[in-house]
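Below is one structure, written out as C-alpha cells, with a few remarks after it.
The residues of the chain are indexed from 1 along the displayed sequence. When reading the values below, keep in mind they use all heavy atoms of this one structure, side chains included, and skip hydrogens, waters and symmetry mates.
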Amino acid sequence: MAKTSRRTPGRTASRLAATAVAAALVGTGASAFAADNPAAPSAKASVKAAAAKASAHRAAAHGRTGVTKEEGDPNGAYPVFPLIGVDRSGNSFAYLPDFEGGLSPRMQLDEGLGGLKNAAQVDHDADGVPDGTWKWDNKGTLTYEPYDEIATTTVGGGWNIYNTLLSPGNLGGAGAGDLLGRDASGNLYLYLGYGNGKLTSRYLVGGGWGQYTQIAGNGDLTGDGKPDIVARGSDGTLWLYKGTGNYKAPFEARTKIGGGWNTYNALVSSGDVDLDGKTDLLARDGAGALWLYKGTGNAAAPYQPRVKVGTSGWNTYRLLY
C-alpha cells in the first residue's frame with residue numbers, strides 16, 4: 001500500500017473548527033473544548049472530537065448504560081457519526097447532532113471533491129466514533145483518510161466494478177468497521193477492516209442485490225448489538241437485513257419494514273442522531289427536505305414515525321454519507 005501525505009484544500013476551514021464545535025456543544029457541559037485546545041485542530045479532527053463529545057453526552061444522559069464501549073456497547077453498535085454532504089461544486093460539509101433531536105449548523109471539511117464517486121465513514125476501535133473515511137473516486141481508486149491525520153492511504157484501484165459502497169459497522173465479529181460493495185451484477189461483497197484503513201480480500205455475501213435502489217445502515221437497529229442494514233426495492237418497499245456477526249453469512253433473511261419509501265431520493269444512516277442510544281435513519285425527499293426516522297431497537301418495527309429535521313435545500317448535495 002502506498003501512503004502519501006497531502007494537505008486538503010479545505011483545510012482553510014480548520015481555523016473555524018474550534019468555534020463551530022464549541023457552538024455545537026453549548027449546554028452539554030463540554031463548552032470548555034475550545035479553551036482546552038488553544039491551537040485550533042483541523043476541521044476533520046474537530047468533527048471527530050465533537051462526535052466524541054456527543055457520545056459522552058449521550059452516555060451521561062442515559063445513566064452510562066449500554067451506549068458506550070466502556071458501558072456495554074462492545075461493538076460500537078450505536079455510533080454517533082456526522083452526516084456529511086458533498087455539493088455539486090465538490091465542497092463537503094459536516095452536520096453533527098444538535099442535542100435537541102436534530103442536526104447542528106454545517107461546518108466545511110473539504111474542497112475539490114468533484115471527482116469523488118462515493119464515500120463511507122468507519123469506526124476502527126468500536127467506540128462508536130468515526131476514525132476516518134474511505135473515498136472512492138471516478139477513476140476507481142479507493143483511498144482512506146483518517147480524521148486526525150493529514151496522510152491519505154491508497155487502498156487500491158479497480159473499485160469502479162461497484163455501484164454502491166457503505167460501511168454499516170463491524171459485520172465480521174472483529175473490532176473494526178467493515179465495507180460492503182455491490183457490483184453491476186447485483187452481487188454484494190464484504191471486505192473486513194483491519195482497523196487502519198486496510199481491507200481483507202472480499203467475501204461474497206450473495207446475489208440478487210441489484211433489485212435495490214438504496215442500501216443504508218450504520219449500527220444496530222434490533223437491539224442485539226450487531227449492525228444491520230436496510231434496502232429499498234424498486235417498488236418502494238423497505239426491507240431489514242438483520243446482522244449475524246458472522247462474516248461468512250453476515251445477514252439473516254430479510255423482513256419487511258413497509259412501503260412508500262420511493263418518496264425519497266436518498267437514504268443514509270449516520271448512527272444515533274437524537275442521542276437516545278438507538279440507531280436512526282435519515283431520508284431526503286424530492287423537495288430537498290430531510291426527515292429523521294428515530295430507531296426503536298425493535299426488529300418488528302425498527303423506526304418511529306418520521307420527523308422533519310431539515311427544510312428544503314438538502315438537494316444541494318449530490319452525495320450524503
Side-chain angles (χ1 to χ4, degrees), residues 78-87 92-95 97 102-103 116-122 130 133-134 136 162-169 171 177 179-182 186 188 205 208-222 227-243 251 254-274 278-296 299 301-321:
Y78 308 99
V80 179
F81 281 18
L83 173 65
I84 298 177
V86 181
D87 67 19
S92 71
F93 300 88
Y95 297 81
L103 296 168
L116 182 66
K117 188 171 184 179
N118 209 335
Q121 298 178 84
V122 59
T133 305
W134 282 303
W136 160 45
Y162 300 117
N163 54 39
T164 299
L165 286 179
L166 72 153
S167 180
L171 292 171
L179 188 66
L180 290 170
R182 182 186 65 182
L188 189 69
V205 176
W209 290 80
Q211 66 183 297
Y212 298 122
T213 56
Q214 294 276 330
I215 305 173
N218 184 17
D220 173 32
L221 289 170
T222 63
D228 312 302
I229 62 173
V230 295
R232 184 186 67 188
S234 58
D235 63 352
T237 300
L238 192 68
W239 301 88
L240 169 67
Y241 282 87
K242 188 176 178 181
F251 301 113
R254 70 181 190 178
T255 57
K256 186 176 180 179
I257 293 174
W261 289 80
N262 268 346
T263 189
Y264 302 116
N265 58 33
L267 300 176
V268 61
S269 177
S270 59
D272 183 8
V273 174
D274 61 350
K278 299 180 178 67
T279 298
D280 309 314
L281 185 69
L282 291 161
R284 183 183 64 188
D285 66 23
L290 193 68
W291 300 86
L292 173 65
Y293 285 85
K294 298 181 180 181
T296 66
Y303 299 119
Q304 299 180 33
R306 70 181 189 174
V307 177
K308 184 181 284 188
V309 293
T311 56
S312 61
W314 286 84
N315 274 342
T316 190
Y317 297 118
R318 64 178 181 85
L319 290 177
L320 289 170
Y321 64 90

Any heavy-atom pair between the side chains of [Y] and [X] that's under 4.5 Å?
| X | Y | answer |
| --- | --- | --- |
| Ser270 | Leu282 | yes |
| Gln121 | Pro82 | yes |
| Ile257 | Tyr303 | yes |
| Leu103 | Leu83 | yes |
| Thr237 | Arg232 | no |
| Ile229 | Phe251 | yes |
| Asn218 | Phe81 | yes |
| Leu179 | Leu166 | no |

Please check this pair: side chain of [X] against backbone of [Y], looking for a donor-acceptor N/O pair closer than 3.5 Å.
| X | Y | value |
| --- | --- | --- |
| Ser269 | Leu281 | no |
| Asp280 | Val273 | yes |
| Arg284 | Leu320 | no |
| Asp228 | Leu221 | yes |

State the [atom1]-[atom2] distance between [X] and [Y], to the nearest 0.5 angstrom.
| X | Y | atom1 | atom2 | value |
| --- | --- | --- | --- | --- |
| Trp239 | Tyr212 | CH2 | OH | 7.0 Å |
| Lys308 | Leu292 | NZ | CG | 13.5 Å |
| Leu267 | Ile215 | CG | CD1 | 10.5 Å |
| Asn262 | Asp235 | CG | CG | 7.0 Å |

Item to check | Aromatic ring proximity, centroids under 6.0 angstrom, Trp134 and Tyr321 | outcome: no
Item to check | Trp314 and Tyr95 aromatic centres sub-6.0 Å | outcome: yes
Next on the checklist: A cation-pi test, strictly: NZ or CZ of Arg182 under 6.0 Å from the centre of the six-membered ring of Trp209 and no more than 45 degrees from its axis. Yes or no?
Outcome noted: no
Checklist entry - Which of parallel (below 30°), tilted (30 to 60°) and perpendicular (above 60°) describes Tyr293 and Tyr264? => result perpendicular
Item to check | For the student: nearest non-hydrogen atoms of Leu319 and Lys117, plus distance | outcome: CD2-O, 3.5 Å
Next on the checklist: Any donor-acceptor pair under 3.5 Å linking the side-chain atoms of Tyr78 with those of Asp220?
Outcome noted: yes
